[in-house]
Amino acid sequence: MKNVLICTSLLGSVLTLAQEKDSANTKRIDEVIINTYIKKDSDYSNKMTLKAIENPQVYSSIDKVILENQGIYTVDEAFRNIPGLQTMWTANGRAGDGGAYVNLRGFVSSNSLRNGVLGSVTGAIDAINLEKVEVLKGPSGTLFGSLLTSYGGVINRVTKKPFETFGGNINLSGGSYDTYRAAVDVNAPLTQDKKLLFRLNSAYTNEGTFQTEGFKRNLAIAPSLTYNPTDRLNINFEMELFQMKSMSDQTFFFYSGKYLQKVNNIKDLNLDYKNSYLGKDLTNTGRSINFFGQVNYKISNNIKSSTNISTSSSYSNGFMPYLFFTGDDATSMYRSDQSTRDSRKKSINFQQNFNGDFRIGNLRNRVVLGFDYLRVNNDQNFYDINGFDRNAAGEPIPVPLHQPGFNYTNFNGTALHTKYDAVAGNETPYLINGTQENYAVYLSNVLSITNNLNVLMALRVDNFNNKPGVPATPDPEERKSFNQTFFSPKLGIVYEVVKDKFSVFGNYQNSFKNLDYYKDAAGLTRTPTPEQANQMEGGIKTSLFNGKISSTLSYYNIKVKDVLRNAINSNDPRAQVQDGTIVSKGVELEVNAYLVKGFTAIVGFSYNDSKYTQADASVENRRPNTAGSPYLANLYASYQFLDGNLKGLGFGIGGNYASENKIVNNLDTATNTNNVFTLPSYIVLNANAYYDTKKFRIGIKADNFTNEHYWIGYTTANPQKLMNIIGSVTYKF
């Protein structure tokens, strides 16, 4: 809290300076620099164009130039620049759920939006086609629904678009852990009148590992076509393919057991950080293919139409090994696998928006009226062998962690194939199939009561239809379809104390989640009501010194009710009751600054307090094990020579801090003992340098240059890369 008070004091001082009259000869900031580091306005956070200073929702955005300067080539790496965001799980390519997962405001979220519509990717998302990444903070179900959002926020990728001149670049990179990469960006008008435009972005990346086994090979292809037949009509077609062949990152799971009373920190296990504890050929192939079509039509000077259709398809086939702890002993572990075979998930999203900007009397109205249809077809097939190491009686055998000479590489692809072949035809796979459909209508209006006061009011009516597949469950009651209708409101108020410089804001945001059937304590099948989250938030935003300093400081309180939780006093451990409550509250600060000519900085800080306020005795008043680290901070500072003989030379340094993360946090009610397992806090430092000219660019980066041993996860632990040095050369044309 002391840090927050200091930051507030500094912002107050800056505001006082900003209110002084601007000099008539103030020079314009270099276009590249301001585009790189100053927060831009958003077309997607409220499905209409709003200046950041007048937007009641908190959001962060990272431009492609930041990624280029930092030597970043995946969306997942770009998240290091987003305040309050923590990576929890890296992408593994598995169909349906294989994408990277992050934590926002105490809730798990994933990357599911592309240009404001469906754009799910289950593998690593290459940044070759990325214009910027936006993270919209807080529950956003009113405009984006329940299947594509989380209570903590929404991640939206904004992609590169074709333009009217020929140009592009070719990039080659290479470095640590057998990393090499080739990427190309080519843009060309296809007709002399420049009404038909084409752009292709593509990249191939090979990456090894700092551990004994592991690799990733990623291919990205993203063509786009734009046709502008008239000044009023714009048509866009886009496709993206992400293919990932990899060995899954090492993952430890921590199940219940008395070992938790003996160890409570990952360091207590004395794991060999560089040992993958796996053998060769534990390979998975994953693929995501998305298609997008958009028609924009200017009906009049005040009304515009945008028709969007997108499809998303994911596929995977292969092994997904994992390691886990349970029982009494913390000196041994168990090995297992959850494979997928011809596993698929397909979705289609149709969205029609009408945007208007008009006055009624002296009141300006910026309105969006939209219709949204989303259909999800699940056909996901998961297989396992009920544990890799078993004796003749079929009982699991623990594997020693610290026995010299033990052959961990016997857990490999050939051995797993043999295990699966032995039970072929007698397997009990876990299937996720069936369809989900959402029909929704939403209306949002930003009413400008005065030149300085804006009020946003929005409402969504959402109809959800769930049709479970057969034989997803043997219970005929759980195979019945069910239909639910839900209303999701939103309210925001912004008052610009100093027009375009300083504003205070508040918002109420809502989101919801349609849950599956569950069994109650009496063994009866119940149809759940939609779980819902309500957020109250307030704060300040600034855009000072002609945009050289922009900042947001906010406090939020999110209450999630009707959470499904384990039923107390039931003989069935699977029995549930829907009366749980989670409250997540906290503070976030973000500052983007162009302090002096050529010197820029990005600063972020967040604190989150999340706990169950109503649940069973094992977790009540405790932080959820999926809530991540309470404290997060990020910093990146850079300097670029803009004049003289060194013009184009730049360098930067930055890093991320995360406090301890409790991935197990409960009370063993039978023995009244705490079960707590923690991933330690960490500081990861990164540096980069580059030389940029009109025709070429060379760059080098050193990530984690202090060789920090650190872990991420939620209910899991995943070791992260050691020092990683990558160099790159780009030719521009």
Side-chain angles (χ1 to χ4, degrees), residues 41-50 112-121 129-132 134 143-145 147-148 154 156-165 187-201 221-241 288-313 346-358 365-376 437-446 458 460:
D41 305 333
S42 174
D43 294 331
Y44 300 100
S45 63
N46 285 287
K47 295 190 181 294
M48 64 177 70
T49 300
L50 285 177
S112 55
L113 291 179
R114 181 186 189 273
N115 298 327
V117 297
L118 170 73
S120 301
V121 178
N129 192 38
L130 191 68
E131 187 70 34
K132 67 175 179 176
E134 292 183 336
L143 294 180
F144 297 101
L147 294 178
L148 302 179
V154 178
N156 180 48
R157 293 176 287 129
V158 181
T159 58
K160 297 176 182 177
K161 301 295 188 292
F163 50 92
E164 293 185 352
T165 58
N187 184 88
L190 299 182
T191 58
Q192 290 186 346
D193 60 8
K194 299 182 179 180
K195 290 185 176 182
L196 185 61
L197 311 172
F198 174 77
R199 189 168 186 174
L200 173 66
N201 289 274
I221 302 174
S224 56
L225 190 69
T226 293
Y227 181 47
N228 299 306
T230 70
D231 292 339
R232 291 180 175 269
L233 182 62
N234 164 260
I235 304 172
N236 299 294
F237 296 101
E238 301 178 40
M239 186 272 279
E240 60 183 16
L241 178 149
S288 295
I289 303 178
N290 298 332
F291 292 93
F292 307 88
Q294 182 183 64
V295 178
N296 298 313
Y297 183 68
K298 186 176 180 180
I299 299 173
S300 69
N301 291 335
N302 299 320
I303 302 176
K304 298 178 181 179
S305 168
S306 179
T307 305
N308 300 270
I309 186 168
S310 65
T311 65
S312 178
S313 174
K346 297 181 179 180
S347 306
I348 184 169
N349 184 205
F350 173 80
Q351 191 175 112
Q352 172 63 51
N353 292 312
F354 294 98
N355 287 85
D357 189 344
F358 54 86
N365 292 266
R366 281 168 284 182
V367 180
V368 59
L369 172 63
F371 170 79
D372 198 12
Y373 170 74
L374 176 63
R375 179 185 176 93
V376 179
E437 286 186 304
N438 267 79
Y439 296 87
V441 177
Y442 48 85
L443 176 65
S444 180
N445 182 32
V446 176
R460 179 188 187 96

Exercise. Are the charged groups of R375 and E437 less than 4.0 angstrom apart, N to O?
Worked result: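 Salt bridge: yes.
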
For this session: Would you check if the side chain of K304 reaches a backbone N or O of K298 as a donor-acceptor pair within less than 3.5 Å?
Result: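 Checking the backbone N and O of K298 against the side chain of K304, no donor-acceptor pair under 3.5 Å is found.
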
For this session: Run the numbers on S300 and N302 for side-chain hydrogen bond (donor to acceptor under 3.5 Å, both in side chains), then give the verdict.
Result: CA-CA 5 Å; S300 69; N302 299 320; 5.1 Å; no

Exercise. Side chain to side chain contact (heavy atoms under 4.5 Å, CB included) between L148 and V154: does it pass, once the steps are laid out?
Worked result: CA-CA 8 Å; L148 302 179; V154 178; over 6 Å; no

Nearest heavy-atom pair of [X] and [Y]: which atoms, and what distance?
X: S120; Y: S312; result: O-OG, 3.3 Å
X: V121; Y: R157; result: CG2-NH2, 3.7 Å
X: V368; Y: N355; result: CB-ND2, 3.6 Å
X: T307; Y: F350; result: CG2-CE1, 3.7 Å
X: F144; Y: R460; result: N-NH1, 3.7 Å
X: S313; Y: K346; result: OG-CG, 3.9 Å

Any donor-acceptor N or O pair under 3.5 Å, side chains [X], [Y]:
X: Q352; Y: S305; value: yes
X: N438; Y: D372; value: no
X: E134; Y: S45; value: no

Exercise. When S444 is tested against each of M48, R366, K47 for side chain to side chain contact (heavy atoms under 4.5 Å, CB included), which residue passes?
Worked result: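 With S444 as partner, M48, R366, K47 yield a single side chain to side chain contact (heavy atoms under 4.5 Å, CB included), made by M48.
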
Problem set entry | For E238, all residues meeting salt bridge (Lys or Arg N to Asp or Glu O under 4.0 Å), sequence neighbours excluded | R114

Could you check whether atom [atom1] of [X] has more than 12 heavy atoms from other residues, nucleotides or ligands sitting under 6.0 Å from it?
X: K161; atom1: NZ; result: yes
X: K160; atom1: NZ; result: yes
X: D231; atom1: CG; result: no
X: F371; atom1: CZ; result: yes

For this session: Kindly indicate whether the side chain of P162, heavy atoms from C-beta on, has any atom under 4.5 Å from the side chain of F198.
Result: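 Side-chain contact under 4.5 Å: no.
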
For this session: Taking the side chain as every heavy atom from C-beta outward, state whether N236 and F292 have any atom pair closer than 4.5 Å.
Result: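 Of all side-chain heavy-atom pairs linking F292 with N236, none is under 4.5 Å.
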
Problem set entry | Chi angles and distances behind the side-chain hydrogen bond (donor to acceptor under 3.5 Å, both in side chains) call for N308, S306 | CA-CA 6 Å; N308 300 270; S306 179; 3.1 Å; yes

For this session: List the steps, then state whether side-chain hydrogen bond (donor to acceptor under 3.5 Å, both in side chains) holds for E240 with S288.
Result: CA-CA 8 Å; E240 60 183 16; S288 295; over 6 Å; no

For this session: Tell me, with the steps shown, if N115 and Y44 meet side chain to side chain contact (heavy atoms under 4.5 Å, CB included).
Result: CA-CA 7 Å; N115 298 327; Y44 300 100; 3.7 Å; yes

Problem set entry | Spacing of F291 atom CZ and T311 atom OG1 [to the nearest 0.5 Å] |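 These two atoms lie 6.0 Å from each other.
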
For this session: Take E131 and T159 through the test side-chain hydrogen bond (donor to acceptor under 3.5 Å, both in side chains) and record every step on the way to the result.
Result: CA-CA 5 Å; E131 187 70 34; T159 58; over 6 Å; no

